[in-house]
Protein chains: 4
Amino acid sequence: MQLNFDSPKPIYLQMVDEVKKALARGELLPGTKIPSHKERAQMSQVNPNTVQRAYQEMEREGLTETLRGQGTFIKNDPAMLLRIRSEMAQAAVQQFIEEMDGLGIEPTEMETMLKNQLYKGTKGG
Amino acid sequence: MQLNFDSPKPIYLQMVDEVKKALARGELLPGTKIPSHKERAQMSQVNPNTVQRAYQEMEREGLTETLRGQGTFIKNDPAMLLRIRSEMAQAAVQQFIEEMDGLGIEPTEMETMLKNQLYKGTKGG
Amino acid sequence: MQLNFDSPKPIYLQMVDEVKKALARGELLPGTKIPSHKERAQMSQVNPNTVQRAYQEMEREGLTETLRGQGTFIKNDPAMLLRIRSEMAQAAVQQFIEEMDGLGIEPTEMETMLKNQLYKGTKGG
Amino acid sequence: MQLNFDSPKPIYLQMVDEVKKALARGELLPGTKIPSHKERAQMSQVNPNTVQRAYQEMEREGLTETLRGQGTFIKNDPAMLLRIRSEMAQAAVQQFIEEMDGLGIEPTEMETMLKNQLYKGTKGG
DNA sequence: GTGGTCTAGACCACT
DNA sequence: GTGGTCTAGACCACG
């Protein structure tokens, strides 16, 4: 859970994204209980109000469900996980292409630069 | 020059990025005069002060230079263009990889998804 | 914090200089919280935006750091203090020499005039 | 005649100062005709209006006098030269001391730093 | 309450 | 008309 306090992106949205990523990575399993906003707040050095806003947003997006008095849980919906992973990945790819295209960089150069960055330091056999 | 007024990214920084992109694409030539902040403000439906802040930031980053009472000009520094293009491209690649990595996606899948998105609709021989 | 509203030097830069001087004098300790821009604005009879611009400039120069929602703090970097003191003093010496040289005044006379002004009223033994 | 177009100090005042310095240095003799504002404007890459304002200011300060149809002349007043030189030098000394004092630098250190800067590179016997 | 962005409109020096 | 500074006041995210 890494937050960038200087980013213009609101912290509560960064937190939502981090949860989504953990889901996509399979680190957060459906049905899991997530920390209370007070716990989470201490862990992330953030104000409890901010965590609560993040939790609200997740609930709104259908990622979690809250059981009165028991806490907040990742929804037990396997389809959702795949959907999220696919959505976020598509979005990242799309944004990358648009950014590079905006710089006037051709598809072939996009691939080359990506490979260079991915496999740099892996030189030779 | 497309601005997203709903983005958390400040408008003045979006404007700086747009100029950088135009430079990278070779659409904005060194030495060119850019519109006064009042003109730009009208063109972009934005307050002149916001434009000025963008221009100030560009000056600070060494993209432009100002001639008192005459206007603001793209710096005549060919090295700068290459530097900007390379910097921005590197940043985009880096961000893409981190985002995908955060989703638990392997390098090979990154490449595949990128190609799919780039060449979709180009099917067949 | 004395500001000269008639000076051609922008107020926000005067404010930055005042902070630098206080740092150089050791009156502003690293880690100290400085007044919010609204407080400072009231204290200095200046618009809050002007103060903020000064604070922004200080941040940009690495003098301060900002904690979202908590305020602005002098950076805890001892090396910075020395650097600033030395930079500002060098600049003052340099400017003095150039000014005097422009008047056709020789180094020995510079020294004499400086001493006279420094120790006037301390006459005799 | 060196002008700094980025300085917050108005250009016309910079021009006045340059003339005063030339007077103090003895390079501009009393009675000398100075260039018309059009000539001066071309020489200094400055708008004629700006030169005119500078000339007005000099006239106002009693440095020059204008002879209808003949041009502008340095006043033939030997006392004035000494006065200007002394005034400007005093002002420079005073400003230097205040600046250094503002940085918490002691008189002895002022002298040392001045000497270091004046005679650096003159090492040895 | 704290910093950050934005709008609106004024004044100034310079071309 | 061009950039630079300043004021006044609004809204937002965060604590």
Side-chain angles (χ1 to χ4, degrees), chain A residues 3 5-15 41 45-54, chain B residues 3 5-15 33-41 44-59 64-73, chain C residues 3 5-15 33-41 45-59 64-73, chain D residues 3 5-15 41 44-54:
Chain A
L3 302 173
F5 292 90
D6 291 335
S7 162
K9 186 169 188 171
I11 288 181
Y12 77 96
L13 288 181
Q14 291 186 45
M15 297 185 98
Q45 296 285 52
V46 152
N47 188 289
N49 289 336
T50 305
V51 182
Q52 202 171 15
R53 226 183 293 181
Chain B
L3 301 173
F5 293 88
D6 292 333
S7 162
K9 185 169 189 172
I11 293 176
Y12 77 94
L13 288 181
Q14 291 185 46
M15 297 185 101
K33 181 178 186 307
I34 59 178
S36 82
H37 48 266
K38 288 175 190 173
E39 276 179 311
R40 211 336 109 263
S44 298
Q45 295 286 58
V46 152
N47 186 286
N49 282 336
T50 304
V51 182
Q52 203 182 9
R53 193 164 176 194
Y55 282 16
Q56 215 169 21
E57 179 66 18
M58 293 192 291
E59 182 107 32
T64 56
E65 54 191 344
T66 291
L67 273 68
R68 215 136 140 176
Q70 292 182 239
T72 302
F73 301 80
Chain C
L3 301 173
F5 293 89
D6 292 333
S7 162
K9 185 170 189 170
I11 294 178
Y12 77 94
L13 288 181
Q14 291 185 46
M15 298 186 100
K33 180 181 186 305
I34 60 178
S36 82
H37 49 265
K38 288 176 190 173
E39 276 181 310
R40 217 324 120 257
Q45 296 287 57
V46 153
N47 186 286
N49 283 337
T50 305
V51 182
Q52 203 182 8
R53 193 164 176 195
Y55 282 16
Q56 215 168 21
E57 179 65 19
M58 293 193 290
E59 182 108 31
T64 55
E65 55 192 344
T66 290
L67 274 69
R68 215 136 139 175
Q70 292 180 242
T72 302
F73 300 79
Chain D
L3 301 173
F5 292 90
D6 291 335
S7 162
K9 186 169 188 172
I11 289 179
Y12 77 96
L13 288 181
Q14 291 185 46
M15 297 186 99
S44 298
Q45 296 283 55
V46 152
N47 189 290
N49 290 335
T50 305
V51 182
Q52 201 171 15
R53 225 184 296 182

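First the proteins, then the strands, lettered A, B, ... as listed; each starts at 1.
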Checklist line | Base-pairing string, 5' to 3', of DNA chain F - Watson-Crick or wobble, under 3.5 Å, | interstrand | finding: ||||||||||||||.
Check: How long is the span from the OG1 atom in C/T50 to the CD atom in C/Q45, to the nearest 0.5 Å?
Finding: 12.5 Å
Note to self: For the CG atom of B/L67 and the CZ atom of B/F73, what is their distance to the nearest 0.5 Å?
What the structure shows: 5.5 Å
Between [N] atom [atom2] and [X] atom [atom1], what is the distance in whole Å?
X	N	atom1	atom2	answer
A/M15	F/dC14	CE	P	10 Å
B/E57	E/dC6	CD	P	12 Å
B/E39	F/dG3	CD	C1'	13 Å
C/R40	E/dG4	CZ	C1'	20 Å
D/D6	F/dG3	CG	C1'	12 Å
B/Q52	E/dT7	CD	P	13 Å
B/L3	E/dC6	CG	C1'	13 Å
C/L67	F/dG15	CG	P	10 Å

Tell me, please, which residues at least two apart from [X] pass side-chain contact (heavy atoms from CB on, under 4.5 Å).
X	value
B/Q14	B/L3, B/N4, B/S7, B/K9
D/R53	D/Y12, D/Q56
A/P48	A/A41
B/T66	B/E59, B/T72

Margin query: Test of understanding: with salt bridge (Lys or Arg N to Asp or Glu O under 4.0 Å), list the residues that count as partners of C/K33, not counting sequence neighbours.
Written below: none
Item checked: For B/K38, salt bridge (Lys or Arg N to Asp or Glu O under 4.0 Å) partners two or more places apart -> none
Please write out the pairs of protein N or O atoms and N or O atoms of nucleotides 11-15 of chain E separated by less than 3.5 Å, giving the distance to one decimal.
from   : atom 1 : to    : atom 2 : distance (Å)
E/dC14 : OP1    : B/R68 : NH2    : 3.4
E/dC14 : OP1    : D/I11 : N      : 2.1
E/dT15 : OP2    : D/N47 : N      : 3.4
E/dT15 : OP2    : D/T50 : OG1    : 2.7

Next item on the list: Describe the nucleic acid contact of B/Q56 in one word from base, sugar-phosphate, nothing, applying a heavy-atom distance below 4.0 Å.
Entry: sugar-phosphate
Checklist line | Partners passing side chain to side chain donor-acceptor pair (under 3.5 Å) against B/R68 (at least two apart in sequence or in another chain) | finding: none
